[in-house]
Undergrad: 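Starting off with a structure, shown below.
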Amino acid sequence: MSEMGIMAGFACAFPTPFSKLVVPVGIGGIPTSFPSFAAPRRKNLLRLTNAQPQVGAEKQGTTTEYGFQNQNIVWPSPNDEIPFWKKKFDWWDNSQDFSVGIEKDSDQLHIIHVTAEMAPIAKVGGLGDVVTGLARACSARGHKVDVMLPFYECLHKDQIDQLKLLLTYDSFHDGDWIPTKAFHGEVSGISVIFIEPSNHFFKGQYVYGGSYNELEAYLFFSRACLEWMQVTGTQPDIIHAHEWQTSALSLLYWDMYHHLSIKKPRLVLTIHNMEHYGECRKEQLSKCGLDGSIYATVDKAVDDRTIGHNPERLSLLKGGIVYSNAVVTVSPTYLKETLNSGWLASTLIMHRDKYYGILNGIDTAMWNPAEDIFLPLKFHAQNIKGKKICKHYVQRGLGLASEGSLADNKVFDDTEKVPLVVCITRLVAQKGLHLITHAIKLVEELGGNMVVLGRASDGRVEREFESLANLHNQGPSIRILLMYSLMFFSEELSHMLYAAADFVLVPSIYEPCGLAQMIGMRYGAVPVVRKTGGLADTVFDMDDQSNHETANGFVFEGIDEGSLNRALERSFSFYKERPAEWNDLVRKVMCIDNSWNNTAGKYVEVYNSVRFDPYVPL
Ligand code: ADP
């Protein structure tokens, strides 16, 4: 067990009546049930910036029943001046040794990811998690992996190791050569090259939604990455682009840089979500130095929906599909769905032989309840008692009705059961907003707790959830925590909620893969999901007799409220009425291997299949 593994206790900076309770808990090792990246060791990669000194933590290390040593819990209260998720946490270094125990691939590749997001320094949603997780998994298999990322003003720079300027060079935009800096640093053990133009691109408080033209900024970034490879003579085997933001890179590569000095790389594009197509005017594409008008054909990048309009438009995502050597989407079911519907289906069918569906994984070092420094108490599948403490801790800290009572440093099952549902999500239509709002009402009626940790980018949605928060947040059942307030802008809180939850709700209308259900399961939260995309590939209904072995959650199909009602009611009954089976189910979902170790190999196969591709798309 690592040193970090025994240092998770933290204390409230401003003790309150609740926060004076100190719970010492046990000694023990951390068996993990399936291969995962190795334990964190030395320095910080995930930490809070508004750290407060620890006070009041009384060290007592005697009892053993939780399987972890010497963890002192100072119970939080909603009245704490500093909320429990904003306290000081220990250093958590997950950059070291994540390759221990992972078999190396015989043929080693150089892969460069070009991306708009990377966790934890620039994460908005799953894209950030996926880039970091896949990069670490491939690196663990012996490949050389770099990530290229815009040097956003809002990057969490304290989480970048050894940041230094590599070079200053010029890259093209709209008739000018823009002085541009390339920095290098390490993030979670991965080498990252940061591109910083000297103009206004990528400035502002957030990754997306700055006061610059986003499309033009990412066109600039795509070209600046290739320009950097050209001036430094860097020739990876694979350039791996993600989403519409970096899709134009393949056009720039095959029609410009491949004719200059970069010959070796082949291009892979991952589509994480087909909601955004990178709609672009021809003149806008021309700003990166390509002739936008030559891409306005059906076989290249015209946006089929605009054919016959004046003017017709382009789709960078479509261009990326056509011009990449391989295209991957993030689950087998989403692959089928995208071949069957949506205006890009005909393009995908045309390129079917290079289109793959590979399920995302999760980074089991970053998401590991047995090592997670943000939890008041760690736990693992062999001993889930700590999970109960996490639940009690969150319920108390948020002022929710608690399940069980606290005495003798233990939570006793002597009260009515109060199942805790969490929903951690971007608040956009795709995520099933009407089902989330319905669940809030239903959970309250059924006597449970529900916490929504939500992030809305649309003002109308924000206002709707704000008024729901005003309506419910004073009561004992519901907390709606919206991330427009920096108070709730918190990766740490998301870790605590997954650990505390009995259920993780993902009622998406469509979901390319979905990480929340996989992370939830890793933390012993049973998923309640709508059967779509990657949710259909990872969650199997408990009442489906034909699926006894794989059954791991509660699934519904309709997008109506009645379908959700039935799934939630079944899940609550199971929780309340079958306690022994419930504990088995919690242990079972924690042991499911949704790690990148399981799926990164499929990406490596795709890389190898195109590596020597003589084929220049088109
Ligand atoms: P998407 O990429 O569509 O947002 P995913 O389920 O693939 O959805 O990934 C979401 C990731 O973002 C998960 O790691 C989840 O925990 C995190 N996340 C989503 N919303 C929030 C939030 N409001 N606060 C903290 N983390 C969030």
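Note that the numbering runs from 1 along the sequence shown for the chain. Atoms within each ligand, like the ligands themselves, are counted from 1 in listed order.
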Undergrad: So, is Leu453 polar-close to ligand 1, with some N/O to N/O distance under 3.5 Å?
TA: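 In this structure, Leu453 places an N or O atom under 3.5 Å from an N or O of ligand 1.
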Undergrad: Against ligand 1, does Cys513 come closer than 4.0 Å with any heavy atom?
TA: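 Under 4.0 Å: no for Cys513.
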Undergrad: Salt bridge or not between Lys123 and Glu491? Use side-chain N to carboxylate O under 4.0 Å.
TA: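 Glu491 and Lys123: salt-bridged.
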Undergrad: What do the steps show when you test Asp537 against Thr333 for side chain to side chain donor-acceptor pair (under 3.5 Å), and what is the final call?
TA: CA-CA 7 Å; Asp537 293 327; Thr333 298; 2.5 Å; yes
Undergrad: Does the N or O separation between Asn273 and ligand 1 drop below 3.5 Å for any pair?
TA: no
Undergrad: For ligand 1 and Glu491, I'd like to know whether there is a polar contact (N/O to N/O, distance under 3.5 Å).
TA: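 No.
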Undergrad: Please report the interatomic distance OG(Ser467) to NE2(His472), rounded to the nearest 0.5 Å.
TA: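 Those atoms lie 9.0 Å apart.
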Undergrad: Using a 4.0 Å heavy-atom threshold (strictly under), name the region of His272 that reaches ligand 1: side chain, backbone, both or neither.
TA: neither
Undergrad: For the residue pair Lys388 and Tyr393, would you count it as a cation-pi contact if the rule is NZ or CZ under 6.0 angstrom from the ring centre and within 45 degrees of the ring axis?
TA: no
Undergrad: Give, for atom CD of Gln245 and atom CG of Leu127, the distance between the pair rounded to the nearest 0.5 Å.
TA: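 If we round to the nearest 0.5 Å, Gln245:CD and Leu127:CG are 7.0 Å apart.
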Undergrad: Determine whether any heavy atom of Gln517 lies closer than 4.0 Å to an atom of ligand 1.
TA: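 Contact absent.
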Undergrad: Please report the interatomic distance CD1(Ile478) to CG(Leu400), rounded to the nearest 0.5 Å.
TA: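 Here the interatomic distance stands at 8.0 Å.
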Undergrad: What do you reckon, does Gly126 have a nitrogen or oxygen under 3.5 Å from a nitrogen or oxygen of ligand 1?
TA: yes
Undergrad: Which bit of Asp129 is near ligand 1, meaning a heavy atom under 4.0 Å away: side chain, backbone, both or neither?
TA: side chain
Undergrad: Which is it for Asn360 and ligand 1 at heavy atoms under 4.0 Å: side chain, backbone, both or neither?
TA: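 Answer for Asn360: neither.
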Undergrad: Can an N or O of Gln430 be found at a distance shorter than 3.5 Å from an N or O of ligand 1?
TA: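 No, there is no polar N/O contact under 3.5 Å.
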Undergrad: For ligand 1, is there an N or O atom under 3.5 Å from any N or O atom of Lys431?
TA: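 Checking ligand 1 against Lys431, an N or O pair does fall under 3.5 Å apart.
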Undergrad: Taking distance alone, with no angle check, do Ile519 and ligand 1 share an N/O pair under 3.5 Å?
TA: no
